[in-house]
Amino acid sequence: MSQNDINDINKALEQAFSASPDEELLNKLREQLNLLISSAEKQKKSNEASWKDFKKQQSERLKARGNELFSVNDAQADVLSDFFFSLAILFDPNNHVLFSNRSGLFTRTGKYEEAKEDAQRCISLAPDWPKGYSRLGAAYYGLQKYDDSYNQYKKALALDPNNAQTKTALAESFKKVEAEEANVRGEELMNKNKPSQAVESFTKSVENDPNNALYYCNRSKAYIANGQPHQALEDAEKTIALRPEWSKGYAARADAYFAKGEYNKSAIAYTQALQIEPSTKYQKAFDAAVQEDTKQRLYQQQQQQQQQQPQPESDQKQEQKQEPPKAKQEKGKKK
C-alpha cells in the first residue's frame with residue numbers, strides 16, 4: 001500500500017460525502033472505491049497495521065454519516081444512507097453492526113429480502129448479539145412470514161430478556177401467527193360445511209390482525225353461507241376499504257347483495273370486480289345477477305299493472321252491497 005493509494009481513496013471519499021442521491025453516480029463511486037480498496041489490499045503487507053487503522057477510521061466515519069442520514073427518515077436521505085453503509089462495509093466487511101444498520105434501513109424502505117440477507121450476515125458474524133435476530137425477525141415480518149418472525153424474536157429475547165422493544169415485536173408476531181392459524185381453521189370448517197364455526201374462527205383472525213383484508217373477505221363468505229347477508233356486506237366493505245384494488249373485495253360485496261336479493265347492486269359490484277380482474281367466474285356470476293334482476297323487475301311490473309287495472313262491474317256492485325260497519329250503525333241510529 002502506498003501513499004498514492006491512500007490519497008486516491010481519500011479523493012473518492014470526498015466525492016462520496018458531497019454526492020447527490022443519484023443512484024447511477026453513487027454506483028460509480030461505490031465501484032471506484034471498491035477497486036481502490038482491492039488494489040490497496042494487494043499491497044497492504046508493506047504497512048499492514050497502518051492500513052487496518054485507516055480502514056477502521058474510514059468505516060466508522062462512513063457509518064456515522066449513514067446513521068445521520070438514517071435518522072432523517074426521508075426518501076433521498078435513505079438512498080444516501082444505504083450508500084454510506086455500503087461503503088462502510090467495503091472498508092470493514094466483518095463488522096456485524098454495519099449489516100445490522102443496513103438491514104434496519106432496508107426494512108424501513110420495504111426491501112425485505114435485502115433486509116433478511118443483511119440480518120443473516122449479521123448473525124453469522126455475531127451469533128450471540130441479540131439485535132441480529134431482531135433485525136431478521138423484522139425482515140420476516142415484512143415478508144409476512146410471521147412464524148419465522150416470531151421464532152427470531154424469541155431468539156433475540158432469550159439473549160436480551162429485558163428488551164421492551166423485542167417483547168412488543170414478539171407479541172405482534174404472535175398475534176399474526178394466531179390470526180393465520182385461525183384463518184386456516186376457518187377455511188377447513190368452510191370445506192366441512194360448518195359456516196357458523198367458520199365465522200367464529202375468522203373472527204379470531206380479524207381480532208388478531210384487524211388490517212388484513214383476507215380475513216374480512218373470508219368471514220364475509222362464511223356469513224353468507226350462514227344466512228347472514230347483512231354482516232357479510234359489512235365485511236365486504238371493510239375488505240374493499242383495506243384493499244381497494246383487490247377484485248375479491250368487490251366479488252364479496254356482489255355475493256352479499258345477491259344473498260340479500262338486491263340483484264342490480266350485485267351486478268354493479270361484479271362489474272367492478274371484472275374491471276380489476278376479468279375472469280369467467282366473475283362473468284358467470286354477473287350474468288346470473290343480471291338474470292335475477294330482470295326477473296325481479298318483470299315481477300314488480302306485473303304487480304304494478306295488476307294494481308292499476310280497473311275492477312270488473314260485478315266486483316263494484318259487491319262492494320256497494322257490503323256497507324262498512326260504521327255506515328250500518330249510522331242507519332240504526334236514525335230509526
Can [X] and [Y] be counted as an ion pair, charged N to O under 4.0 angstrom?
| X | Y | result |
| --- | --- | --- |
| Lys175 | Glu178 | no |
| Lys204 | Glu207 | no |
| Glu262 | Lys265 | yes |
| Arg185 | Glu188 | no |
| Lys55 | Asp92 | no |
| Lys28 | Glu31 | no |

Between [atom1] on residue [X] and [atom2] on residue [Y], distance to nearest 0.5 Å:
| X | Y | atom1 | atom2 | result |
| --- | --- | --- | --- | --- |
| Phe286 | Gln272 | CZ | CD | 11.5 Å |
| Thr109 | Asp82 | OG1 | CG | 7.5 Å |
| Asn151 | Lys145 | CG | NZ | 13.0 Å |
| Gln197 | Lys192 | CD | NZ | 9.0 Å |
| Ser103 | Glu117 | OG | CD | 10.0 Å |
| Asn211 | Lys238 | CG | NZ | 11.5 Å |

Looking at side-chain heavy atoms only, is the closest gap between [X] and [Y] below 4.5 Å?
| X | Y | result |
| --- | --- | --- |
| Lys52 | Lys56 | no |
| Lys167 | Tyr153 | no |
| Asn208 | Lys176 | no |
| Asn101 | Leu105 | no |
| Ser173 | Tyr140 | no |
| Tyr223 | Glu234 | no |
| Ser201 | Leu189 | yes |
| Asp118 | Leu98 | no |

- Between Phe70 and Phe85, what is the ring plane arrangement, given parallel below 30°, perpendicular above 60°, and tilted in between?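 Ring orientation, 0 to 90° scale: tilted.
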- Message: Ring-plane angle category for Phe174 and Tyr150, please: parallel below 30°, perpendicular beyond 60°, tilted otherwise.
- Response: tilted
[X] and [Y]: same hydrophobic cluster, using ILVMFWY side-chain contacts below 4.5 Å?
| X | Y | result |
| --- | --- | --- |
| Leu214 | Val177 | no |
| Leu125 | Leu159 | no |
| Ile89 | Val97 | no |
| Ile224 | Leu233 | no |
| Leu26 | Phe84 | yes |

- Query: Do any N or O atoms from the side chain of Ser134 and from the backbone of Ala156 form a donor-acceptor pair under 3.5 angstrom?
  - Reply: no
- Item | Any donor-acceptor pair under 3.5 Å from Tyr250 side chain to Pro244 backbone | yes
Heavy-atom neighbours of [X] [atom1] exceed 12 at 6.0 Å:
| X | atom1 | answer |
| --- | --- | --- |
| Glu24 | CD | no |
| Gln296 | CD | yes |
| Lys131 | NZ | no |

Regarding [X] and [Y], do their side chains bring together a donor and an acceptor under 3.5 Å, going by distance alone?
| X | Y | value |
| --- | --- | --- |
| Asn226 | Gln228 | yes |
| Asp235 | Thr239 | no |
| Asp287 | Gln283 | yes |
| Arg297 | Gln300 | no |

For the student: nearest non-hydrogen atoms of [X] and [Y], plus distance:
| X | Y | value |
| --- | --- | --- |
| Phe91 | Ser59 | CB-CB, 3.9 Å |
| Tyr270 | Ala285 | CZ-CB, 3.2 Å |
| Pro210 | Leu242 | O-CD1, 4.1 Å |
| Asp78 | Asn73 | OD1-CA, 4.4 Å |
| Gly186 | Phe202 | C-CZ, 3.4 Å |
| Ala252 | Cys217 | CB-SG, 4.3 Å |

- Under the side chain to side chain contact (heavy atoms under 4.5 Å, CB included) rule, what do Asn95 and Glu60 come out as? Steps first, then yes or no, please. CA-CA 10 Å; Asn95 188 332; Glu60 289 298 319; 4.0 Å; yes
- Message: Among Glu114, Glu113, Arg135, which residue satisfies the side chain to side chain contact (heavy atoms under 4.5 Å, CB included) criterion with Phe106?
- Response: Glu114
- Message: Could you go through Asp209 and Ser205, starting from their C-alpha distance and side-chain angles, then the distance that decides it, and tell me whether this counts as side-chain hydrogen bond (donor to acceptor under 3.5 Å, both in side chains)?
- Response: CA-CA 6 Å; Asp209 191 359; Ser205 295; over 6 Å; no
- Message: So, applying ring-ring contact (aromatic ring centres under 6.0 Å, His included) with Tyr263, which one of Tyr257, Tyr299, Phe258 is it?
- Response: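 Among the candidates, only Phe258 passes.
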